[in-house]
Asks: 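The following block contains the structure, expressed as structure tokens.
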Amino acid sequence: MTEKIKLATASLAGCFGCHMSFLDIDERILELVELVEFERSPFTDIKTIDECDVGIIEGGVANEENVAVLEEFRKHCKVLVAVGACAIDGGIPSLRNQFSLKECLVESYVDGIGVENPSIPDDPEIPMLLNKVHPIQEVVNVDYFLPGCPPSADTIWDFLTKLIEGKPLGLSTTRIRYD
Ligand code: SF4
């Protein structure tokens with residue numbers, strides 16, 4: 001039996017929609033677990049990462065914890081894949097980039113509609129927000145980009161199985177067009 005590929009996934013500043021789309025491969029997950037061993041991932045709830053063959057990142061980089069997780073993935077994964085619009089260009093969370101961080105915090109916690117007991121959280125346990133939300137390739141080198149919000153389950157399946165089997169990675173335009 002051939003050795004399984006080690007696969008890790010993480011969600012940074014995203015909505016978990018890309019992970020949910022991954023799970024939409026449905027019964028093919030049974031085929032996938034014959035090919036891969038899941039390491040750190042919300043699917044396994046493993047919190048640390050060892051040497052991995054493939055790392056999949058959902059979400060952009062919005063806080064210091066996101067930076068640390070992303071750098072750990074880059075350090076340990078031979079191949080790093082940006083999955084979805086948030087990882088590739090910041091996506092919805094990056095809409096805040098048109099405002100200063102202070103403006104965003106004040107609007108969210110002080111001046112926003114329905115805010116009671118206005119106070120900007122400052123618990124040291126909360127990861128420090130970055131001034132802007134960044135695509136992951138602004139922080140680490142990325143090997144592959146899988147566009148979509150989210151990429152469909154079929155797109156993720158096609159990409160992963162080709163990558164695992166060492167086949168050419170070209171995806172049909174119908175898999176990566178959204179107009
Ligand atoms: S790309 Fe879309 S589905 Fe994926 S994390 Fe971002 S908002 Fe969610």
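Position 1 is the first residue of the sequence; numbering continues from there. Both backbone and side-chain heavy atoms feed into the values below; hydrogens, waters and symmetry mates do not. Whatever order the structure lists them in is the order used to number ligands and atoms, beginning at 1.
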Asks: Would you call Gly148 a ligand 1 contact, heavy-atom distance under 4.0 Å?
Replies: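 A heavy atom of Gly148 does come that close to ligand 1.
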Asks: Identify whether the distance between the nearest side-chain nitrogen and carboxylate oxygen of Asp45 and Lys47 falls below 4.0 Å.
Replies: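 Here Asp45 pairs with Lys47 in a salt bridge, since their nearest N and O are under 4.0 Å apart.
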Asks: Quick one: nearest non-hydrogen protein atom to atom 4 (Fe) of ligand 1, plus distance?
Replies: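 The closest one turns out to be Cys18 SG, 2.4 Å.
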Asks: Give, for atom CD of Glu3 and atom NZ of Lys6, the distance between the pair rounded to the nearest 0.5 Å.
Replies: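 The distance works out to 7.5 Å.
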Asks: How close does the nearest protein non-hydrogen atom get to atom 2 (Fe) of ligand 1, and which residue and atom is it?
Replies: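 In this structure, atom 2 (Fe) of ligand 1 has Cys149 SG, 2.4 Å as its nearest protein heavy atom.
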Asks: Quick check on atom 4 (Fe) of ligand 1: does Cys15 put an N/O/S atom closer than 2.8 Å to it?
Replies: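 Looking at Cys15, which is the residue asked about, there is no N, O or S atom under 2.8 Å from atom 4 (Fe) of ligand 1.
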Asks: Going by the order shown, which atoms of ligand 1 are within less than 4.0 Å of some heavy atom of Glu58?
Replies: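 Answer for ligand 1: 5 (S).
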Asks: I'd like to know whether His19 forms a ring pair (Phe, Tyr, Trp, His ring centres under 6.0 Å) with Phe22, so could you lay out the CA-CA distance, the side-chain angles of the two residues, the decisive distance to 0.1 Å, and finally the verdict.
Replies: CA-CA 5 Å; His19 274 80; Phe22 193 145; 7.2 Å; no
Asks: Could you tell me, atom by atom, which parts of ligand 1 come under 4.0 Å of a heavy atom of Gly17?
Replies: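 By the 4.0 Å cutoff, the relevant atoms are 3 (S), 8 (Fe).
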Asks: More than 12 foreign heavy atoms under 6.0 Å from CG of Asn141: is that the case here?
Replies: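 No, the 6.0 Å shell around CG holds no more than 12 heavy atoms from other groups.
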Asks: Is the distance from atom 2 (Fe) of ligand 1 to the nearest N/O/S atom of Cys86 under 2.8 Å?
Replies: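 Short answer: no, not a single N, O or S atom is under the cut-off.
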Asks: Taking the minimum heavy-atom distance to atom 1 (S) of ligand 1, which of Gly59, Ala85, Ala87 ranks first?
Replies: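 Shortest heavy-atom distance from atom 1 (S) of ligand 1: Ala85.
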Asks: Mind checking whether Leu35 and Leu7 have side chains closer than 4.5 Å, heavy atoms only?
Replies: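 Answer no - side chains too far apart.
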Asks: Would a single hydrophobic cluster contain both Trp157 and Ile5, if residues Ile, Leu, Val, Met, Phe, Trp and Tyr are joined by side-chain heavy-atom contacts under 4.5 Å?
Replies: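 Linked within one cluster.
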